[in-house]
Amino acid sequence: MATALLCLGLPVEATVIKFEKVGLTPATELRGLQSVKGYGDRVKEPSTGGFRDSFAEGNGWTPDVLLDFAGGHDVKTVNSWRERWDGGDGANYLLDGDDGGPYYYWYTFTPENGVGVLINSLDLEASREVPNRIDWRIRAGSRTGRELARGSTGNFTGDLTGLNLRMKEAHHGPVVLELVHTGTRTTLAVDNLDFDQVKPGKEGVTARLVEVGTRKQLLVDDHIIDRMVHVDRVLGTVDKVSRENPVFDGSFYGTVLHDEGKFKLWYRGHPYGYAESKDGVSFRKVADLTGMTQKSPAEGATFYVDPHEMDPAHRYKACYAHKTMRAALAYSGDGIHWKDYNEGRPVTHRAADTYNQIVWDEGAGVYRLFTRTDYRGALKAGMEVRGTRSMINPDPKADPTGWKVVRNWRFDREDPEEWKRRQIYGLTDWIYEGVHFALMMVIEWPEDMSEGPKDYHKRHERNLLEFYIATSRDGDSWDLRWVYDGKTMIPRGGDGAWDKDMIIPASAVITHGDKHWLYYDGYNERHGVFRRDDEKARGGIGLATLRLDGFVGLEAKGQAGVITTRPFKLEGDLLQVNVKGQEFAVEVLDAGGDPFPGFSVSEAVRHRQVDQLRLEPAWRGRQTLSSLKGRTVRLRFHLENAVIYSFQVLPASH
């Protein structure tokens with residue numbers, strides 16, 4: 001990638017860059033830059049200056065920051081010194097696509113030598129008076145890392161100059177600026193991207209405090225993490241209880257919950273059925289459901305015990321596929337006898353015959369509704385193109401139709417036609433310890449029957465359903481790394497297995513008995529091919545379990561690893577850590593990164609061959625964490641061939 005860069009005499013630690021990507025030779029590119037009136041005379045010679053394949057000139061150069069650019073959807077470029085571009089006088093990078101978008105573009109700032117990065121502003125220059133919109137996020141580490149800033153221009157026309165990107169403090173580590181462009185084709189370009197190089201902090205750590213309190217801290221992302229060395233984020237491994245056979249003769253789309261001391265299962269049928277179990281493995285059918293009279297023939301539904309509900313008659317809520325292929329809501333006092341909200345009419349527009357889900361989000365103070373949506377018309381595709389939609393409503397009981405759309409999205413990060421490779425078939429949101437877990441059915445290589453006709457023994461790889469998870473702190477911006485890494489939450493079975501070709505997760509995960517219970521529906525043939533009336537067809541509801549908090553961990557393998565948290569106020573008396581591996585120790589640091597006396601790594605007990613959900617780290621002088629209560633601290637975890645999943649600070653009386 002060729003990037004044209006110019007520094008316009010700003011203060012020593014500030015840089016303004018101007019972009020282009022036209023595939024020209026360096027000599028041609030240099031001549032073009034020099035020809036631009038107003039700044040071309042400042043460009044004397046090509047220089048990498050720390051930026052890959054870039055030009056640099058001026059007092060404001062930042063030699064310790066590297067910059068990479070990438071884009072999603074259809075990326076187009078423009079050489080803006082040419083007279084035909086009237087969007088501005090600089091070398092712009094055009095934000096463009098073949099339809100209204102959204103299109104994704106991201107700049108990765110990689111600091112060296114311990115410096116930090118502070119991204120300030122940019123200009124948006126338009127060639128015509130047509131509507132555009134830019135939404136942006138700034139993240140730490142990667143496009144799925146901790147969010148540092150976000151915002152939106154809303155709809156606008158013409159140019160926007162000096163757009164404040166709302167990043168309040170520098171980050172010492174890689175920083176990603178993501179721009180999402182929605183608007184008319186070939187109209188908008190980025191110019192004058194302004195950022196600062198900030199002097200090194202102590203070991204590159206940042207100073208902003210994180211609110212921790214006594215809530216368990218899951219390590220699924222960098223929310224609490226400031227720095228990691230020789231550590232990788234890894235997906236947990238489930239134990240299939242139903243490896244040979246299903247645990248229940250039924251099917252999803254449905255739900256299993258642990259409530260009132262028993263496992264409660266709602267399963268798909270005509271009508272839906274309800275079953276119970278004491279041990280989570282042996283279920284007995286209890287009743288058919290009544291109510292929800294406007295269901296779709298496909299009968300997709302999810303069920304929920306509402307922790308926010310005060311009226312016992314509304315304690316259970318259901319979101320189901322209305323016969324008009326829209327989402328509808330119902331309530332119940334016992335989970336069996338149901339009544340409709342909104343007089344049985346749908347509460348949304350186009351939804352799905354698979355999963356539609358309502359869930360209370362305590363952190364945001366709203367109910368969330370997730371449905372599927374369709375992009376076939378917008379993309380002029382020859383098949384259904386499935387995406388997903390999220391909505392919010394503070395009180396659906398009082399206003400069942402008052403849902404505000406938060407986001408519509410589909411898989412498109414790899415290619416504008418990624419829908420031929422993968423699509424969202426269904427998504428539900430399970431909220432645990434402040435983290436949103438998307439339980440996703442993903443259809444892989446939809447309608448691709450190149451592996452041959454029906455075969456109930458062979459394990460297929462196309463036109464099938466996989467179960468992936470994604471995580472988020474806001475129920476909107478999902479970390480999709482496991483999808484793109486091809487790492488499923490529950491793997492399909494091998495040749496001859498009853499669940500070899502399709503895995504459909506239940507709409508929620510159960511946490512009980514110090515483990516997570518993941519129920520799922522499995523089938524031994526592909527999407528659109530499986531038929532229950534075939535003699536060799538097998539399917540049913542299965543079960544896999546997972547270590548408590550074991551969805552995602554941080555692993556040091558081969559080399560000793562170190563994890564340093566961001567600073568937080570210590571509000572408890574003791575520390576518990578969920579960890580497994582060869583060797584583990586913890587030191588406690590002050591806000592600046594220096595160990596407190598008695599809590600250094602040399603004074604920490606080295607816990608060996610450990611496998612505990614609630615390990616309480618110790619120090620040789622028998623210091624107690626309570627002596628630091630009320631102070632601002634950091635934790636530094638030392639691991640050797642070990643995985644850490646979570647930690648929690650608790651009061652002495654827990």
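Since we're looking at a predicted model, the values are computed, not measured.
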Suppose we screen for salt bridge (charged side-chain N to carboxylate O under 4.0 Å, His left out). Which residues come up paired with Asp590, at least two apart in sequence or across chains?
none

Residues two or more places apart in sequence or in another chain: which of them pass salt bridge (charged side-chain N to carboxylate O under 4.0 Å, His left out) with Lys487?
none

Return yes if a side-chain donor-acceptor contact under 3.5 Å exists between [X] and [Y], otherwise no.
| X | Y | value |
| --- | --- | --- |
| Ser477 | Arg139 | yes |
| Ser507 | Thr255 | yes |
| Asp521 | Tyr253 | no |
| Thr564 | Arg636 | yes |

Under a 4.0 Å threshold between the charged nitrogen and the carboxylate oxygen, would Arg233 count as salt-bridged to Asp485?
no

Assess whether a salt bridge exists between Glu260 and Lys264, defined as any Lys/Arg side-chain N lying under 4.0 Å from an Asp/Glu carboxylate O.
yes

Please check if the distance between the ring centroids of [X] and [Y] is under 6.0 Å.
| X | Y | answer |
| --- | --- | --- |
| Tyr520 | Phe467 | no |
| Trp338 | Phe303 | yes |
| Phe411 | Trp409 | yes |

Using only atom types and a distance under 3.5 Å, with no angle test, would you say the side chain of Glu583 pairs donor to acceptor with the backbone of Glu640?
no

Parallel, tilted or perpendicular: which one describes the rings of Trp430 and Tyr432, with boundaries at 30° and 60°?
parallel

Could you tell me if Arg372 sits above the aromatic ring of Tyr425, with its cationic atom closer than 6.0 Å to the ring centre and no more than 45 degrees from the axis?
yes

Salt bridge (charged side-chain N to carboxylate O under 4.0 Å, His left out): pairs with one or both residues in residues 466-477, sequence neighbours excluded
Arg137-Asp476, Arg150-Asp474, Arg150-Asp476, Asp221-Arg473, Arg407-Asp476, Glu466-Arg492

Identified ring pair (Phe, Tyr, Trp, His ring centres under 6.0 Å) counterpart of Tyr367 within the set Trp403, Tyr341, Trp360
Trp360

Among Phe252, Tyr304, Tyr274, whose side-chain contact (heavy atoms from CB on, under 4.5 Å) with Trp266 holds?
Tyr274

Quick one: CE on Met391 to CD1 on Ile358, what's the gap to the nearest 0.5 Å?
10.0 Å

